[in-house]
Amino acid sequence: MRRTRILTAALALAAGLLAGTPPALAADSAPPTTTLAAESYSWKNARIDGGGFVPGIVFNRKEKDLAYARTDIGGAYRWQQNSKTWTPLLDSVGWANWGHTGVVSLASDSVDPDKVYAAVGTYTNSWDPGNGAVMRSADRGASWLKADLPFKLGGNMPGRGMGERLAVDPNRGSVLYLGAPSGKGLWRSTDSGVTWSQVANFPNVGNYVQDPSDTSGYSSDNQGIVWVTFDESTGTSGNATKTIYVGVADTANAVYRSTDAGATWSRVAGQPTGQLAHKGVLDTVNGQLYIAYSDKGGPYDGGKGRLYRYATATGTWTDISPVAEADTYYGFSGLTLDRQRPGTVMATAYSSWWPDTQIFRSTDSGGTWTKAWDYSSYPTRQNRYTMDVSSSPWLTWGANPSPPEQSPKLGWMTESLEIDPFDSNRMMYGTGATVYGTENLTQWDSGGQFTIKPMVQGLEETAVLDLASPPSGAPLLSALGDIGGFRHTDLAKVPSMMFSSPNFTTTTSLDFAEAVPNTVVRTGNLDSGPHVAFSTDNGANWFAGTDPSGVSGGGTVAAAADGSRFVWSPAGAGVHHTTGFGTSWSASSGIPAGAIVESDRVDAKTFYGFKSGKFYVSSDGGATFTASPATGLPSGDSVRFKALPGGKGDIWLAGGASDGAYGLWHSTDGGASFTKLSNVEQADTIGFGKAAPSASYQTLYTSAQIAGVRGIFRSTDKGATWTRINDDAHQWGWTGDAITGDPRVYGRVYVSTNGRGVIYGDTSDSGGGGGGGGGGGGTDPTPTGACAVTYTITNQWSGGFQADVKLANTGTSAWSGWSLNWAFANGQTVSQLWNAEHTQSGATVTARNIGWNGNVAAGSSVSFGFTGDWSGTNAKPAAFTLGDQSCAVN
């Protein structure tokens with residue numbers, strides 16, 4: 001687990017890669033046709049399970065089994081009790097608003113459990129150019145509306161584990177409060193999050209900054225107002241709660257209160273000073289406000305901490321800390337109450353890295369405490385728990401530490417800790433790497449051991465920096481931030497261990513020898529130790545190489561086609577080359593430090609580089625490089641390029657910035673010249689996969705803007721035409737670091753994300769082709785030929801559900817538009833539908849194509865989805881018709 005989780009793509013984004021006005025495209029040849037066609041893709045994660053910081057877990061207080069988790073860069077999730085998995089809720093966040101994948105706070109409405117809110121925005125400094133927003137959903141996150149804010153929010157900023165900053169009035173759900181950073185104060189909505197205004201008379205905007213000397217603005221921003229807690233006992237249903245407590249990032253004035261529903265505010269008298277109030281949790285049964293304090297904002301720092309209890313009736317403050325302050329070397333943050341057993345409270349020592357985090361429990365309102373572990377005789381530990389990480393075995397980190405450390409650890413950065421308000425035995429807590437939980441917590445009190453397991457399946461939160469899919473061996477190798485990377489032999493299973501020997505904290509680049517795929521190289525970051533490693537068994541086992549002098553980070557690396565040599569461009573040193581496995585490196589000449597390097601996939605002595613608008617070529621194994629005469633390439637360094645497997649000198653280059661050259665370029669002469677594709681406005685990645693059955697050239701994949709649309713695109717005809725293969729419900733924010741097709745499976749593509757892990761897509765299209773044009777909408781087209789429908793209820797809750805519909809053209813002729821009809825048997829109604837237009841009259845629903853997905857080739861299919869309402873019974877439709885023709889129902 002890393003001590004920081006800085007956005008890996010921040011520097012690239014700062015260079016201006018956000019979608020904007022496309023640059024003028026100078027065509028070097030007759031412009032190819034650009035078409036956006038219907039394409040049916042299914043999207044899943046290559047399972048890792050977790051991999052990032054989960055700073056918040058929120059249970060609904062009215063409905064059992066309704067829970068949410070927020071992540072710092074990877075969106076929000078809803079718990080699915082029937083499968084004990086998490087469902088992602090913010091995959092619809094697109095490229096232009098990538099910062100909205102950072103969730104600084106989340107609130108579930110106890111008045112109306114269908115409503116959920118998320119305060120989103122990743123950075124408050126220049127790394128995120130957009131302002132924050134409050135997302136609101138009336139269907140538990142299946143669909144969202146957004147209220148833009150006039151300031152930024154920081155889901156990945158220091159202090160992100162404090163909270164919750166966003167809260168819904170438990171008596172009047174239309175009233176919400178939001179604590180803002182950066183001196184922006186306290187904000188309120190009285191219309192269920194539609195509009196927001198600052199609470200002008202709130203007296204303190206906060207003053208704590210982690211590091212005032214940080215010129216980037218990351219550690220020097222005022223952490224602001226950090227939590228809001230309602231005393232629901234001071235309100236009645238339908239009326240605003242009178243008493244509200246607010247925590248402020250101010251070590252001298254941390255807690256404020258209103259007793260008149262927010263009309264006036266005052267500092268709570270007698271409060272402790274000198275530390276920050278990370279959490280404030282109220283026990284209304286006993287009238288006690290519990291507060292966890294730390295001397296730092298977190299999530300990984302903190303040297304001292306205290307726990308306090310405030311009696312709301314008498315104003316008495318009591319220090320209930322489980323250990324003396326002199327004995328703390330950590331802050332307190334995770335804080336929860338057992339709503340079924342008033343007086344039971346738990347807290348975490350969130351910043352205790354060594355030997356482990358600590359969890360404290362009291363059953364007498366903090367009068368006495370017990371620990372999750374203690375020393376029987378130092379360094380031997382006695383644990384009240386057992387850990388079972390068999391579902392995520394990499395959580396051991398492959399470590400075999402000496403006592404008192406253990407593997408796996410109980411955790412670190414444990415700022416979220418929640419007991420299920422309906423079940424005293426269930427507890428969940430987030431760490432820097434996963435969500436842990438137990439379902440027999442009360443064993444703690446009876447002298448037995450409770451069992452802790454990962455409760456994280458479905459929650460994928462890795463930042464992906466590079467991807468490779470070799471022609472043999474494992475289908476997927478990944479380079480990841482914070483946890484290194486994995487070798488996936490089965491995409492549906494969690495690998496047993498991340499790359500190790502050495503275990504890089506972040507892997508920045510990886511490559512394999514095209515003709516000898518068992519030879520693999522990776523480079524990465526490590527606090528101390530080598531920054532390059534090699535494998536001769538396709539990434540199953542690794543051994544460290546030796547660094548040249550001055551190396552400070554991984555940079556990029558390339559393997560010769562036959563595995564005989566490597567070229568490395570590390571951070572802190574210039575480009576180097578070696579024969580063999582990196583026991584001795586020699587400096588390369590003719591190429592600047594910091595260049596991106598790649599290898600030709602046919603000629604073992606040919607390597608390529610790019611830096612600041614110049615392309616470089618080496619024909620002597622990386623010893624010397626020569627600048628190419630090619631011009632017109634992007635001037636910045638936000639570029640990715642790759643050489644085509646099996647094609648000597650066939651190179652594709654993507655990148656640029658919206659204020660200059662930006663797009664996709666192709667060279668067939670080893671980089672001596674490049675032709676810019678005039679039908680690609682912006683492109684950030686390029687990858688290759690198995691050729692379509694009807695094609696001779698490998699399939700191209702890119703994260704790009706084409707015809708004014710941002711998305712993931714595929715071309716089976718060498719870039720002449722493109723098909724968008726994702727949709728607006730599957731965008732995943734930033735996808736600009738890496739992409740690759742699978743050389744063994746036509747249509748399969750692996751997509752990098754910054755916080756949602758490795759996404760892979762599979763197509764139902766077996767024929768390939770670039771796709772056709774528009775297609776209508778507005779009228780009822782009458783395609784001919786056979787059809788088949790697959791109707792799947794993907795999620796269901798009290799009063800609502802979500803469904804996917806797949807319509808397949810099983811005939812022999814293409815459709816140039818479609819209109820699908822069905823009737824609900826139980827009075828269900830469609831509330832929102834995407835990737836199609838729809839009308840509903842009584843029980844009958846008609847879904848029609850929209851412009852971009854009207855053309856459906858024979859043997860292909862198109863998909864759309866919707867959310868709906870139901871009561872009593874939610875039976876699937878029994879019949880579907882395409883125009884006047886009945887479809888088979890799968």
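These numbers come from a predicted model, not from an experiment.
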Any chance you could measure L459, atom CG, to T87, atom OG1, to the nearest 0.5 Å?
10.5 Å
Would you indicate whether the side-chain heavy atoms of R70 and P55 approach each other to under 4.5 Å?
yes
Would you give the length of the straight line joining atom CD1 of I48 to atom CD of E461, rounded to the nearest 0.5 angstrom?
11.5 Å
Which label fits F332 and Y330: parallel for a plane angle under 30°, tilted from 30 to 60°, or perpendicular past 60°?
perpendicular
side-chain contact (heavy atoms from CB on, under 4.5 Å) between V520 and W542, intermediate numbers included
CA-CA 9 Å; V520 188; W542 296 85; 3.6 Å; yes
Considering only NZ, NE, NH1 and NH2 on the basic side and carboxylate oxygens on the acidic side, decide whether D466 and R640 come within less than 4.0 Å.
no
Between S351 and G302, which heavy-atom pair has the shortest distance, and what is it?
OG-O, 3.1 Å
So, T348 versus Y429: side-chain donor-acceptor pair below 3.5 Å or not?
no
When you check the side-chain N and O atoms of N60 and S108, is any donor under 3.5 Å from an acceptor?
yes
Any chance the rings of W394 and W397 have centres within less than 6.0 Å?
yes
For R710 and D684: C-alpha separation, side-chain torsions, deciding distance, then whether salt bridge (Lys or Arg N to Asp or Glu O under 4.0 Å) applies.
CA-CA 11 Å; R710 257 287 170 183; D684 294 273; 2.7 Å; yes
Applying side-chain contact (heavy atoms from CB on, under 4.5 Å) to T431 and K409, what does each step give before you reach the verdict?
CA-CA 10 Å; T431 75; K409 281 181 176 285; over 6 Å; no
Under the 3.5 angstrom rule, does the side chain of E415 hit a backbone N or O of G430 as a donor-acceptor pair?
no
Mind running side-chain contact (heavy atoms from CB on, under 4.5 Å) on E439 and M455 for me, showing each step along the way?
CA-CA 10 Å; E439 294 182 319; M455 287 187 175; 3.5 Å; yes
Enter the distance from E460:CD to R756:CZ here, rounded to the nearest 0.5 Å.
7.0 Å
What's the verdict on side chain to side chain donor-acceptor pair (under 3.5 Å) for N156 and T122, showing C-alpha distance, side-chain angles and the deciding distance?
CA-CA 5 Å; N156 198 33; T122 301; over 6 Å; no
Residues Y329 and S352: side-chain donor-acceptor under 3.5 angstrom
yes
At their closest point, which heavy atom of S752 faces which heavy atom of L467, and how far apart are they?
N-CD1, 3.7 Å
Where do V464 and L480 come nearest, in terms of heavy atoms and distance?
CG2-CD2, 3.7 Å
Side chains of Y760 and S469: does their closest heavy-atom pair fall under 4.5 Å?
no
Could you tell me if the side chain of I419 sits less than 4.5 Å from the side chain of F59, heavy atoms only?
no
Is the backbone of I225 close enough, under 3.5 Å, to the side chain of R165 for a donor and an acceptor to pair up by distance?
yes
Quick check: do T507 and F486 have side-chain heavy atoms less than 4.5 Å from each other?
no
Under the criterion side-chain contact (heavy atoms from CB on, under 4.5 Å), I'd like the reasoning laid out for L149 against L178: C-alpha separation, chi angles, the key distance, then a yes or no.
CA-CA 11 Å; L149 297 170; L178 171 66; 3.7 Å; yes
How close do N525 and G553 get, counting heavy atoms only, and between which atoms?
OD1-CA, 3.3 Å
R426 and D420 ion-paired at < 4.0 Å:
yes
Output for pair (L395 CG, K453 NZ), nearest 0.5 Å, gives 14.0 Å
Evaluate the side-chain proximity of L90 to M135: yes if any heavy-atom separation is below 4.5 Å, no if none is.
yes
Quick check for you: to the nearest 0.5 Å, what is the distance between D728 atom CG and S92 atom OG?
8.5 Å
Under a 3.5 Å distance rule, please check whether S496 uses its side chain to pair with a backbone N or O of P393 as donor and acceptor.
no
Carefully, step by step, assess Q80 and T85 under the rule side chain to side chain donor-acceptor pair (under 3.5 Å).
CA-CA 5 Å; Q80 300 295 129; T85 63; over 6 Å; no
Minimum side-chain heavy-atom gap D221-Y123 below 4.5 Å
no
For the atom pair CZ (F53) and CE (M413), what is the distance rounded to the nearest 0.5 Å?
4.5 Å
T451 side chain vs T386 backbone, donor-acceptor pair below 3.5 Å:
no
Begin with the C-alpha distance, continue with both residues' side-chain angles, and end with the deciding distance and a verdict on side chain to side chain donor-acceptor pair (under 3.5 Å) for D742 and Y750.
CA-CA 8 Å; D742 192 308; Y750 303 98; 2.7 Å; yes
Are side-chain heavy atoms of L491 and R748 found at a separation under 4.5 Å?
yes
Judged by atom type as modelled, is there a donor-acceptor pair below 3.5 Å linking the side chain of S392 to the main-chain atoms of V389?
no
Indicate yes or no for a side-chain donor-acceptor contact from H100 to the backbone of G733 under 3.5 Å, with no hydrogens or angles considered.
no
Measuring centre to centre across the rings, with the benzene-like ring taken for any Trp, is H278 within less than 6.0 Å of Y350?
yes
According to the interplanar angle, ranging from 0 to 90°, do the rings of Y300 and W412 count as parallel (below 30°), tilted (30 to 60°) or perpendicular (above 60°)?
tilted
Please say whether more than 12 non-hydrogen atoms of neighbouring residues, nucleotides or ligands are located less than 6.0 Å from CG in N400.
no
Parallel, tilted or perpendicular, as decided by the 30° and 60° cut-offs, for the rings of F450 and Y385:
tilted
What is the minimum heavy-atom distance between A738 and T685, and which atoms define it?
N-CG2, 3.5 Å
Counting C-beta onward and ignoring hydrogens, is there a side-chain heavy-atom pair between V751 and S703 closer than 4.5 Å?
no
Search all heavy atoms of L166 against all heavy atoms of S105 and return the closest pair with its distance.
N-OG, 2.9 Å
